[in-house]
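Every chain is numbered from 1, with letters handed out A, B, ... down the list of sequences.
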Amino acid sequence: MPARVSLFVTCIVDQLFPKVGLAVVDVLERLGFQVDFPEQQTCCGQPAFNSGYREEARQVARHFLDVFHDADYIVVPSGSCTSMIAHHFEDIFDKEPENLERARRLESKVYEFSRFLLEVAGVDDVGARLDEVVTYHDSCHALRELKVKDGPRRLLGKVRGLELREMDAAEECCGFGGTFSVKFAEVSGGMARTKIDSIVRTGASAVVSVDSSCLMQIQGAISRVGLPIRTLHLAEVLASR
Amino acid sequence: MSAIFDEKIHQTLADSKLQLAIFAATGRLMEKRRKAVNADACPDYQELRTQAHEVKRHTIDHLDYYLELFERNVSAHGGRVVYCKDGTEVADFVLGLARQRRASLIVKSKSMTTEEVDLNERLEHHQLESVETDLGEYLIQLAHERPYHIVAPALHKTKEQVADLLTERLGVPRETVIEKQTMIARAVLREKFLAADIGISGANFLVADSGAIVLVENEGNARLTTSAPKVHIAIAGIEKMIPRAQDLAVFLRLLGRSATGQPLTVYTSFLSGPRRGDEIDGPDEFYVVLLDNGRTKVLADREKRESLYCIRCGACLNHCPVYRKIGGHSFPWVYSGPIGAILTPQFLGVNHEPGLPFASSLCGACAEVCPVKIDIPKILLDLRSDVKKSEEREGASRLERFAFRAWAWVMRHPRLYEMAGMAAASLAPSRDGGGWVRSAPSGIKVAPLDAWLSQRDLPSAPAKSFRQLWRERR
C-alpha cells in the first residue's frame with residue numbers, strides 16, 4: 001500500500017498555474033505515492049493575514065483545518081503557503097486552544113514540495129531530464145522560514161542535461177510580497193528589475209523556484225521588458241523527461 | 001499610506017544618481033558584514049546572537065531593577081542620572097545646566113537618541129550653538145537634513161555633493177578628494193572642541209553593574225567630546241541597558257561586525273563618572289540622561305517589546321531590499337529601514353504613518369542579520385493588524401475591509417470559490433501556451449490590477465483551473 005499524500009495545490013497554482021499542480025502530481029505518482037486532492041480546499045489565508053486582517057485569515061485557516069484534518073502528509077508546491085500553515089497558524093489561533101491543537105498536529109505533516117521529496121520520499125534523483133541552463137531563485141519564506149536552501153539545488157543537480165548557474169543575489173527578494181506588490185507597486189517593480197539584472201548576468205535561459213508567486217512576479221517583469229528567459233517551478237523541471 | 005510617504009518614495013526611485021549611491025553604499029556594508037561574520041572570521045557568531053538576545057530579554061524584562069542599579073552606581077562614581085519623559089524635558093535639563101554654567105557652545109558626538117528629540121533644533125532655538133562632530137553628522141547638520149541611515153548619516157551624499165556643501169557653508173575652495181574634505185571639517189571641529197563648554201554624547205550601552213556608559217566610534221570625536229569640555233552629558237534611551245560589564249564581550253563583538261564589518265570599532269570608551277582627583281583628563285561633571293519618549297509604552301507590550309533589544313547597528317537597513325530602493329528620507333521619522341518601520345508606529349502611534357508597516361515584502365532579511373535576533377517581520381505583521389483595527393474603529397479603508405470579508409466568505413465556500421475563479425477567467429484573455437498580458441481587459445478598472453500592470457505583465461487565465469483538470473484526469 002503506497003503512502004497517501006494530500007496535495008494542497010495553493011490558490012495561485014489552482015487558478016493561474018495549473019501545470020505546476022499537474023507536475024507535482026506527476027512526480028509524486030512516479031515515486032509511487034497515492035495522491036489525493038481534497039476538492040474542498042481553497043486558500044491558506046495568508047493574503048488576509050499579511051494584510052492585517054486576522055479575523056478573516058482565521059476564518060479561512062479554520063476551513064483549511066477542516067479540509068485537511070485527516071491527512072497523513074500534506075504536500076504544498078510553495079514555501080510561503082507551507083510557512084503560513086506550519087508557523088503562522090499558531091499565531092492566529094493563539095486564543096483558540098482547540099484549533100491551536102489541530103494546527104499543531106498539522107505542523108509535522110505539512111511539507112514544502114522539495115522537502116517532501118528529500119525527507120519523506122528520500123530521493124534526490126527523480127529521473128528527470130532537461131537540457132537547459134537554469135538559475136535558482138531562493139524564495140524568501142522557503143529560505144528563511146523553512147530553511148530550504150540546498151534541497152532544491154540537490155534535486156536540480158541530479159537532473160540530466162541541466163546546468164545550474166548561481167546568480168549573485170539568489171537570496172535577495174524578488175519584490176512580490178503579496179499585497180505589497182500592488183500597495184507599493186513602484187518599489188516592488190524596482191526590486192523585480194534588480195532581481196532580473198542578477199538573473200541576466202548568469203546567462204541562464206530559465207529561472208527556477210519553489211514558489212509560483214515569486215515566479216509570477218519575475219516572469220511578469222521579464223515579459224514587460226521582453227527578455228528571452230522563462231520561469232519554471234521546481235516541480236515542472238522534475239517532471240520533465 | 002499618506003500622500004507624502006508615497007511622494008518621497010516616488011522621488012527617491014526617480015533619482016537615478018541617488019539610487020546608485022544607496023545601492024552601492026549599502027552593498028559595501030553588506031559585503032563587509034558578510035566577511036566579518038562568516039565561519040572563519042567569527043566561528044561563534046550564531047551563538048553570540050542567541051546569547052545577545054537572551055541577555056537583552058532578561059534585561060528588558062527586569063529593566064526597573066537594572067535602572068536603579070545603574071543609577072546607584074553612577075552616583076557612587078560622582079555622576080548623576082536624570083530621567084526625562086520626552087524631548088522637552090531633555091532640552092529643559094540641558095538648557096538649565098547651560099545657563100547655570102554660562103555655556104554658549106556645545107559639541108556633540110553622534111547620537112540617534114538626540115536626533116529622536118530634535119535636540120540641536122531645540123538648543124539653537126535658545127541661542128545655544130550645538131555642533132555635531134562626527135563627520136557624517138556634521139555634513140548633515142550643515143545641509144539641514146536628517147540622518148539618512150542609523151550608522152552612516154550621510155550615506156546618500158556623493159563626494160561632489162559634499163564638496164559643494166562645504167564650499168557653500170564654510171566658504172572654502174571646492175575640494176573633491178575625500179581625505180582633504182575630512183581635513184577641512186577637522187580644522188573647524190578642533191577649534192570647537194577646544195572652545196566648547198559642554199559635550200553631549202549618546203551611549204551605545206549603559207552598564208548597570210559598573211555605572212558606566214560605553215561609546216563605540218571610529219573617528220575619535222566622541223573621546224574629545226566627552227573629555228575636553230568641563231561638562232559631559234550622555235543621553236540614552238532606557239533600553240540601552242546591559243546588566244554586567246562582561247556582557248560587552250558579546251555585544252561589542254556583534255555591534256562592529258554587524259554595522260561596518262569591523263571586529264571592533266577603532267575606539268571603544270568606557271566612561272564612569274567625572275574626572276577623579278588623581279586623573280589628568282575628563283570632565284568635572286558627568287550626567288546620564290535616561291530618556292523614555294515612548295519606550296515604557298513599548299515595554300508594556302509583551303508581544304512587541306523585543307523591539308527594545310535593538311543596538312542600532314543598521315544591518316537591517318543595509319540588507320533591506322525596500323530600504324535599498326526608498327532610502328532613509330522616505331521614512332516618516334529619524335529611524336529608517338526595518339527597525340524604523342517597527343519603532344515609529346510604536347513610539348508615535350500607528351496612525352502617524354499607517355502605510356509604514358505595509359512597506360515591506362516580509363522577506364525576512366532583516367531578522368536574518370539582526371545581531372540580537374529581533375523578529376522584525378513578526379512585529380510588522382502585528383503592527384499591520386493594529387493598523388487595521390485602528391482603521392476599523394475610525395471607519396477608514398472601508399472598501400478594502402469589505403473586499404477581505406467577501407474574500408474570506410468565498411474562501412470558505414469551495415463552490416463559490418470555483419465559480420468566482422471561472423468568472424474572473426472569463427473576463428481575462430485566455431491562455432493555452434502561457435501568454436502574458438500588458439493591459440487590463442477593456443472596461444475593467446480595478447486599482448490593484450492597474451497597480452500590478454503599472455510595473456509588470458499579468459499571466460492571462462489558463463483555459464482550465466487545476467481542479468478542473470484534476471477531475472478530468474480521474
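- In this structure, A103(A) and F89(A) approach most closely via the heavy-atom pair CB-CB, 3.9 Å.
- Because its NZ or CZ atom is not both nearer than 6.0 Å to the ring centre of F5(B) and within 45° of the ring axis, K183(A) does not count as a cation-pi partner of that residue.
- Heavy-atom distances place no part of R230(A) under 4.5 Å from chain B, backbone and side chain included.
- Atom NZ of K149(A) is surrounded by more than 12 heavy atoms from other residues, nucleotides or ligands within 6.0 Å.
- Between chain B and the residues C140(A), S139(A), G177(A), the largest count of heavy-atom pairs under 4.5 Å involves C140(A).
- One N or O on the side chain of K195(A) and one on the backbone of A170(A) form a donor-acceptor pair closer than 3.5 Å.
- Residues Q468(B) and E472(B) have side chains that never bring a donor and an acceptor to within less than 3.5 angstrom of each other.
- Crowding of H69(A) atom NE2: a count of heavy atoms from other residues, nucleotides or ligands under 6.0 Å not exceeding 12.
- Side-chain atoms of S209(A) and H137(A) include no donor-acceptor pair closer than 3.5 Å.
- Taking all atoms of both residues into account, the shortest heavy-atom contact from S80(A) to D211(A) is N-OD2, 3.2 Å.
- When heavy atoms are compared at a cutoff of 4.5 Å, S360(B) approaches chain A solely by way of its backbone atoms N, CA, C and O.
- In this structure, the portions of V187(A) lying under 4.5 Å from any heavy atom of chain B include both its backbone and its side chain.
- Residue C174(A): no heavy atom, backbone or side chain, is found under 4.5 Å from chain B.
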- Does the ring-ring contact (aromatic ring centres under 6.0 Å, His included) test come out yes or no for Y73(A) and F33(A), once each step is laid out? CA-CA 11 Å; Y73(A) 294 106; F33(A) 292 96; 7.4 Å; no
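- At a cut-off of 3.5 Å, with distance as the only test, no side-chain donor of Q455(B) or S188(A) sits close to an acceptor on the other residue.
- Heavy atoms of D386(B) lying under 4.5 Å from chain A are absent altogether.
- Checked by atom type and distance alone, the side chain of S240(A) pairs as donor or acceptor with a backbone atom of V237(A) at under 3.5 Å.
- Using a 4.5 Å cut-off between heavy atoms, L469(B) touches chain A through its side chain atoms alone.
- Applying the 6.0 Å contact sphere to CD1 of I4(B) captures no more than 12 heavy atoms from other residues, nucleotides or ligands.
- Under the 3.5 Å distance criterion, the side-chain polar atoms of H141(A) are left unmatched by any main-chain donor or acceptor of G364(B).
- Most heavy-atom pairs under 4.5 Å with chain A, from the set G421(B), S385(B), A424(B): that is S385(B).
- Taking all atoms of both residues into account, the shortest heavy-atom contact from I74(A) to A71(A) is CG1-CB, 3.7 Å.
- Atom NZ of K8(B) has more than 12 neighbouring heavy atoms from other residues, nucleotides or ligands inside a 6.0 Å radius.
- For V35(A), the parts lying under 4.5 angstrom from a heavy atom of chain B are both the backbone and the side chain.
- The nearest pair of heavy atoms linking L215(A) to V207(A) is CD2-O, 4.0 Å.
- Highest contact tally toward chain A, considering only R473(B), R438(B), R384(B), is held by R438(B) [criterion: heavy-atom pairs under 4.5 Å].
- For a residue to count as touching a neighbouring chain, one of its non-hydrogen atoms must lie under 4.5 Å from one of that chain's; by this rule I218(A) does not touch chain B.
- With a 4.5 Å cut-off on non-hydrogen atoms, E400(B) touches chain A through its backbone and its side chain both.
- With chain B as the partner, the residue from A221(A), A48(A), G175(A), C11(A) showing the most heavy-atom pairs under 4.5 Å is A48(A).
- For Q59(A), the parts lying under 4.5 angstrom from a heavy atom of chain B are both the backbone and the side chain.
- Residues satisfying the salt bridge (Lys or Arg N to Asp or Glu O under 4.0 Å) criterion with R241(A), sequence neighbours excluded, are absent altogether.
- Taking 4.5 Å as the heavy-atom cut-off, the residues of residues 389-397 of chain B that approach chain A are S397(B), ordered by number.
- Looking at F49(A), the atoms closer than 4.5 Å to chain B (heavy atoms on both sides) sit in the backbone and in the side chain alike.
- Between chain B and the options R62(A), R144(A), Q217(A), the largest number of non-hydrogen pairs under 4.5 Å is found for R144(A).
- When all heavy atoms are compared, the tightest approach of S212(A) to H233(A) is OG-CD2, 3.6 Å.
- Heavy atoms closer than 4.5 Å to chain B are found nowhere in D66(A), neither backbone nor side chain.
- Contact annotation for residues 405-417 of chain B against chain A (heavy-atom separation below 4.5 Å, listed by residue number): R405(B), W407(B), A408(B), M411(B), R412(B), P414(B), Y417(B).
- Both the backbone and the side chain of H10(B) come within contact range of chain A, each with at least one heavy atom under 4.5 Å from a heavy atom of that chain.
- Ring geometry, F37(A) versus F466(B): the interplanar angle exceeds 60°, so the pair is classed perpendicular (tilted spans 30 to 60°).
- R115(A) contributes no side-chain N or O that, together with a main-chain N or O of V148(A), makes up a donor-acceptor pair within less than 3.5 Å.
- Per-residue heavy-atom pair counts under 4.5 Å with chain B were compared for T179(A), V20(A), T194(A), V60(A), and the maximum is reached by V60(A).
- Comparing M422(B), R401(B), K464(B) by heavy-atom pairs within less than 4.5 Å of chain A, the highest count is held by R401(B).
- Interface residue I9(B): only side-chain heavy atoms are found under 4.5 Å from chain A.
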For a salt bridge (Lys or Arg N to Asp or Glu O under 4.0 Å) check, start with the C-alpha distance between D382(B) and R54(A), then their side-chain angles and the critical distance, and finish with the verdict. CA-CA 9 Å; D382(B) 287 349; R54(A) 292 271 162 108; 3.1 Å; yes
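- Under a 4.0 Å N-O distance rule, the pair E306(B)/K378(B) does not qualify as a salt bridge.
- Contacts from residues 445-452 of chain B to chain A, taken as heavy-atom pairs separated by less than 4.5 Å, involve P448(B), A451(B), W452(B) in sequence order.
- Here the closest heavy-atom approach between residue P357(B) and residue V387(B) is recorded as CG-CG2, 4.1 Å.
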